Amino acid sequence: MAALKGQVVAGGKLLPTLLIGAGGSGLAYAVHMPLPWLLGALIVTTGLSLAGVRLPAPTASRKAVLAVIGVMLGAAFTPDMAGDLGRWSASLVIMLISTAVMMGVSVWISRRIAGNSLDTAIYAGMPGGLSAVTLMAADSEADLRAVGLAHAVRVLILLLAIPPVLQLIGHVSLQPRTTTLAQWLAVPAWDDALMLIGAGVIGAWLGRCLRLPNPLLFGPVLVSGALHVSGLCEAALPPAIVALAQIVIGVSVGVRFAGTTLSSLGYGLLVAVIQALLLMLIAVAAAWIGHAVTGYSPAAALLAYMPGGAPELSLVALSLGIEPAFVTSHHLLRLTVLILLMPVLLSFLKRLQSRHSSSH
């Protein structure tokens, strides 16, 4: 009973934050801003956080929304995708190579320009996986504030840069689709609804059992994807839930800046911005190569190769209808490889640094 009461109280404290985010999204939708539900909530909560307003983070809501997003992304997988495996494989190789380049550039900037320790540079430079990176960095000698700042600024800049960059390279319509009230509120048939709910619950459990990166997102992706690829389920979640998910994700990014001000961030903020912009340029170059090799659109390749923010970028792909299954698969592989290699890479670089120090 006490736990339930605590959840109710926490939900009550969070409600104003979600209403502020929803208000920002509604305003963005009214003025025809690109990606209104995501960017509207993100911009208004980031602005308030930097102005000194402390907004509670939607921790529990974000966890539930990650599972919902996973189910939605799984619905993008279809039986006819088997013929694309060759092109996907080529694209995945390009993504891994570009990720290695991004990692090298990011670590060099953090180490040489920002003057961070090796641990901090490695974890701050990892292109994606904020949740996993934070846990791993906490067990090291890394500066958690610098790591968190680098990742938060990178995701913020990537999301704000998506509209102009996609319009520049992809000729993609970023305006929300015209949706009737009936479509907004449409719900799947009861048997499909049960399968989608089961995909979310079982997927979250499976993701933890398999120790997937971001298990609440990628576990439901796997289960929902299996249901849709097999043809057992063809249902998708209604637009209203997609919009709500974007609001919660936008708010969760914006409130990461709570308790900080532009003046206090100073040089660290400047380095993080430069780092994020350089990684964006590498992603754009890789996207053009991926487009030339695989034939996938530059917009799809860019969202797949962007450094970080797997839930956010996959949700953007889903919202805009830009190959969400393709984008999600790339982020899952990148995070899995990075998390597996990170301890080995850090140990190798430390030994290298130790040899270099002893030789001088």
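Since the structure is predicted, the reported quantities are computational estimates derived from the model, not experimental observations.
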Atom pair [atom1]/[atom2] of [X] and [Y] - distance to nearest 0.5 Å:
X: H151; Y: Q275; atom1: NE2; atom2: CD; value: 8.0 Å
X: I247; Y: T17; atom1: CD1; atom2: OG1; value: 13.0 Å
X: L55; Y: S252; atom1: CG; atom2: OG; value: 12.5 Å
X: L66; Y: L217; atom1: CG; atom2: CG; value: 6.0 Å
X: L118; Y: S110; atom1: CG; atom2: OG; value: 9.5 Å
X: I69; Y: I249; atom1: CD1; atom2: CD1; value: 4.0 Å

Kindly state each residue pair satisfying salt bridge (Lys or Arg N to Asp or Glu O under 4.0 Å) with at least one member in residues 279-297, sequence neighbours excluded.
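Found none.
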
Per the salt bridge (Lys or Arg N to Asp or Glu O under 4.0 Å) rule, what does the pair list look like for residues 219-242, sequence neighbours excluded?
none

Side chains of [X] and [Y]: does their closest heavy-atom pair fall under 4.5 Å?
X: P58; Y: V255; value: yes
X: L216; Y: R208; value: yes
X: L166; Y: P34; value: no
X: L338; Y: P127; value: yes
X: P311; Y: N214; value: yes
X: P238; Y: I241; value: yes
X: L159; Y: V316; value: yes
X: F218; Y: L210; value: no

In residues 18-26, what donor-acceptor pairs under 3.5 Å come from side-chain atoms, sequence neighbours left out?
unit_1: S25; atom_1: OG; unit_2: G21; atom_2: O; d: 3.1
unit_1: S25; atom_1: OG; unit_2: W37; atom_2: O; d: 2.7
unit_1: S25; atom_1: OG; unit_2: A41; atom_2: N; d: 3.3

Geometric class of the Y296/F326 ring pair [parallel <30°, tilted 30-60°, perpendicular >60°]
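Taking Y296 first and then F326, their aromatic rings lie parallel (interplane angle under 30°).
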
Please tell me whether [X] and [Y] are part of a single hydrophobic cluster in this structure, the criterion being side-chain heavy atoms less than 4.5 Å apart.
X: L270; Y: I109; result: yes
X: V155; Y: L160; result: yes
X: V337; Y: V105; result: no
X: L232; Y: L73; result: no
X: L92; Y: I282; result: no

Does a sphere of radius 6.0 Å around CD1 in I157 hold more than 12 heavy atoms from other residues, nucleotides or ligands, not counting ones at 6.0 Å or beyond?
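Count over threshold, so yes.
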
Using a 3.5 Å cut-off and no angle test, enumerate the donor-acceptor pairs between side-chain atoms of residues 93-104 and protein atoms at least two apart in sequence or in another chain.
unit_1: S98; atom_1: OG; unit_2: I94; atom_2: O; d: 3.3
unit_1: S98; atom_1: OG; unit_2: M95; atom_2: O; d: 2.8
unit_1: T99; atom_1: OG1; unit_2: M95; atom_2: O; d: 2.8

Heavy-atom donor-acceptor pair, [X] side chain to [Y] backbone, under 3.5 Å:
X: S91; Y: R87; result: no
X: R111; Y: A121; result: no
X: R154; Y: A124; result: yes

Taking every non-hydrogen atom, the tightest pair across [X] and [Y]:
X: V253; Y: L42; result: CG1-CD1, 3.9 Å
X: A75; Y: S224; result: N-OG, 3.5 Å
X: C233; Y: L196; result: SG-CD2, 4.1 Å
X: S61; Y: L14; result: OG-CD2, 3.2 Å
X: I162; Y: L303; result: CD1-CD2, 4.1 Å
X: R334; Y: Y305; result: NH1-O, 3.1 Å

Show your reasoning for whether side-chain hydrogen bond (donor to acceptor under 3.5 Å, both in side chains) applies to T120 and D143.
CA-CA 6 Å; T120 302; D143 181 346; 5.6 Å; no

Checking W288 now: which residues fulfil ring-ring contact (aromatic ring centres under 6.0 Å, His included) with it, not counting sequence neighbours?
H291

Start with the C-alpha distance between V153 and F257, add both sets of side-chain angles, then the distance that settles side-chain contact (heavy atoms from CB on, under 4.5 Å), and finish with yes or no.
CA-CA 9 Å; V153 168; F257 295 91; 4.0 Å; yes

Would you please test S106 and L279 for side-chain contact (heavy atoms from CB on, under 4.5 Å) and show each step?
CA-CA 7 Å; S106 191; L279 296 191; 4.2 Å; yes

Could you walk me through whether E312 and R62 pass salt bridge (Lys or Arg N to Asp or Glu O under 4.0 Å), step by step?
CA-CA 12 Å; E312 294 84 1; R62 188 176 190 276; 3.5 Å; yes

D119: which residues meet the salt bridge (charged side-chain N to carboxylate O under 4.0 Å, His left out) condition with it, sequence neighbours left out?
K350

Does M72 form a side-chain contact (heavy atoms from CB on, under 4.5 Å) with V242? I'd like the steps, not just the answer.
CA-CA 8 Å; M72 293 189 296; V242 179; 3.3 Å; yes

Pair S297, E323: side-chain N/O donor-acceptor within cut-off below 3.5 Å:
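No, no side-chain donor-acceptor pair sits under 3.5 Å.
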
Stepwise side-chain contact (heavy atoms from CB on, under 4.5 Å) check, L244 with V65:
CA-CA 9 Å; L244 179 61; V65 163; 5.7 Å; no

